[in-house]
Amino acid sequence: MLDFIYYPVSAILWFWHKVFGYVLEPSSGFAWALSVIFLVFTLRALLFKPFVHQVRSMKKMQDFAPLVRELQEKHGDDKQKLATEMQKLQTEQGFNPLSGCLPMLVQIPVFIGLFHVLNGFKPGAPGNFVFNAADVASFVEADLFGAKLSNTLSQAPDVLAAFGTDRLSMMVVAVPLMIAAAIATHFTARHSLERQSAQAAANPQAAMTNKLMLWIFPMFAIVGGPFLPLAILIYWLANNFWTLGQQRVVYRRIDREEAASADAPAVANPEGTISATADSATAEKASDDQPGEIPGVIEDRARDTEKPGESR
């Protein structure tokens with residue numbers, strides 16, 4: 001039913017495994033782990049522009065929050081009128097709140113797709129989407145310090161033994177990954193919330209959401225980690241590290257753009273007339289080129305050629 005997601009996800013994973021399997025052993029756990037990490041990097045690189053659009057959209061929403069509150073106070077009793085005015089404001093100001101959710105919404109089916117693909121790697125399986133039987137055997141044999149990538153910490157001992165691992169080996173690798181994923185999730189949320197305005201943070205609903213993002217969401221990595229395949233934990237950690245680095249790059253670029261826009265002189269106003277800054281620059285240039293002349297007025301040079309006492 002979701003093959004349109006499963007096949008692209010498995011194809012990207014297959015490609016990176018061929019790359020790292022060529023450098024390392026195809027059955028190496030590090031080759032498969034790097035394949036999962038670069039699967040994340042590939043997908044997030046494709047979503048870079050939507051992420052930038054998301055940040056800009058959120059910034060616009062913060063800038064026009066007073067106008068939104070004014071509309072809510074004015075048309076709070078008329079939901080239809082409020083919806084119309086809100087849509088009009090969004091169109092005029094060029095932002096769409098739903099676009100800010102796009103990167104996150106795209107990652108959800110990718111997460112589901114990767115989870116489904118990993119569950120297809122079973123001992124003796126004839127294939128797994130784009131992977132053939134040899135690829136499946138390679139993944140099943142791969143391990144990181146004795147922990148298998150497709151197994152979970154909560155699986156029964158006999159299931160773990162069927163894959164050639166045990167709970168202790170899984171704990172040695174999975175627990176540090178769970179803790180690291182939780183810490184990365186926390187700092188990613190903290191870095192994002194630092195951009196929030198003081199007025200927005202003071203809102204009770206926003207304050208509750210901020211607490212969820214800072215403390216509850218990271219705990220999902222600890223609470224849910226034992227039930228996730230090891231490769232999913234690697235995906236989670238890599239995704240958060242990418243997000244944190246991407247936020248720093250995008251936020252700095254947007255800050256530089258805003259600083260440059262604030263320092264740049266105005267050239268023209270909305271009516272198309274030359275601004276005062278441009279006028280003064282033009283006047284200064286004209287004054288330097290023709291001392292004593294009035295900028296913008298063409299002087300009659302015919303007077304210079306007339307003889308004294310002669311009329312024109």
Side-chain angles (χ1 to χ4, degrees), residues 1-54 99 101-123 125-144 147-152 163 173-174 177-178 180-181 184-185 188 221 224-225 227-247 249-250:
M1 181 172 133
L2 296 177
D3 286 355
F4 70 96
I5 295 175
Y6 302 148
Y7 275 98
V9 169
S10 60
I12 297 173
L13 185 63
W14 176 89
F15 170 79
W16 285 116
H17 176 252
K18 291 300 179 184
V19 173
F20 292 110
Y22 180 80
V23 178
L24 306 170
E25 289 293 328
S27 297
S28 168
F30 291 101
W32 281 105
L34 287 171
S35 302
V36 174
I37 292 172
F38 275 79
L39 166 66
V40 176
F41 292 170
T42 302
L43 295 172
R44 294 304 305 274
L46 294 174
L47 292 173
F48 181 78
K49 285 189 176 181
F51 177 81
V52 175
H53 184 71
Q54 172 191 8
S99 64
C101 304
L102 178 61
M104 182 181 66
L105 292 176
V106 172
Q107 290 182 62
I108 292 175
V110 172
F111 184 90
I112 296 172
L114 181 59
F115 190 91
H116 191 82
V117 170
L118 293 177
N119 283 337
F121 288 109
K122 299 183 184 299
N128 184 24
F129 296 101
V130 302
F131 295 100
N132 57 31
D135 295 327
V136 173
S138 171
F139 188 91
V140 171
E141 294 173 7
D143 68 84
L144 284 176
K148 299 296 184 177
L149 297 177
S150 60
N151 290 100
T152 70
F163 280 84
V173 179
L177 282 175
M178 289 157 51
T185 304
T188 300
F227 305 96
L228 297 175
L230 203 62
I232 290 289
L233 292 175
I234 295 173
Y235 173 93
W236 192 333
L237 183 60
N239 187 62
N240 276 284
F241 272 116
W242 175 281
T243 301
L244 186 59
Q246 183 174 256
Q247 283 177 346
V249 171
V250 173

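This one's a predicted model, so the numbers in the text were calculated from it and none came from an experiment.
Expressed to the nearest 0.5 Å, how far CD1 of Ile5 lies from OG of Ser10 amounts to 11.5 Å. Distance CG/Leu144 to CG/Leu149: 5.0 Å, rounded to 0.5 Å. For the atom pair CZ of Arg44 and OG1 of Thr243, the computed distance is 3.5 Å after rounding to the nearest 0.5 Å.
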Can you list the steps and then say if Leu13 with Phe131 is a side-chain contact (heavy atoms from CB on, under 4.5 Å)? CA-CA 9 Å; Leu13 185 63; Phe131 295 100; 3.9 Å; yes
Could you walk me through whether Thr185 and Trp236 pass side-chain contact (heavy atoms from CB on, under 4.5 Å), step by step? CA-CA 9 Å; Thr185 304; Trp236 192 333; 3.2 Å; yes
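Checked against ring-ring contact (aromatic ring centres under 6.0 Å, His included), Phe163 has no partners two or more places apart in sequence or in another chain. Here Lys18 pairs with Asp135 under the salt bridge (charged side-chain N to carboxylate O under 4.0 Å, His left out) rule; sequence neighbours left out. A search for side chain to side chain donor-acceptor pair (under 3.5 Å) contacts involving Trp14 returns nothing, not counting sequence neighbours. Partners of Phe30 by ring-ring contact (aromatic ring centres under 6.0 Å, His included), not counting sequence neighbours, listed by chain and number: Phe145. Contacts of Ile232 classified as side chain to side chain contact (heavy atoms under 4.5 Å, CB included), with partners at least two apart in sequence or in another chain: Phe111, Leu114, Phe115, Leu118, Leu228, Pro229. Looking at residues two or more places apart in sequence or on another chain, you find a ring-ring contact (aromatic ring centres under 6.0 Å, His included) between Trp242 and Phe41.
The two residues Ala147 and Val173 have their closest heavy-atom pair at CB-CG2, 3.7 Å. Here the closest heavy-atom approach between residue Pro26 and residue Ser138 is recorded as O-OG, 2.7 Å. Of all the heavy atoms in Gln247 and Thr188, the pair that sits closest is OE1-O, 3.3 Å. The nearest pair of heavy atoms linking Gly120 to Ala125 is O-CB, 4.1 Å. Glu141 approaches Lys148 most closely through the heavy-atom pair O-NZ, 3.0 Å. The nearest pair of heavy atoms linking Leu237 to Ala184 is CD1-CB, 4.2 Å.
Residue Ile12 is tested with Val110, Val130, Leu39 for a side-chain contact (heavy atoms from CB on, under 4.5 Å); the sole match is Leu39. If you run ring-ring contact (aromatic ring centres under 6.0 Å, His included) between Phe38 and each of Phe15, Phe20, Tyr235, only Phe20 comes through.
Under the 4.5 Å side-chain criterion, counting only non-hydrogen atoms from C-beta, Trp16 is in contact with Thr42.
Note on ring orientation: taking the six-membered ring where Trp is involved, the planes of Trp32 and His17 are parallel (angle under 30°, cut-offs 30° and 60°).
Of the possible polar contacts, none joining the Asn239 side chain to the Val40 backbone as a donor-acceptor pair under 3.5 Å is found.
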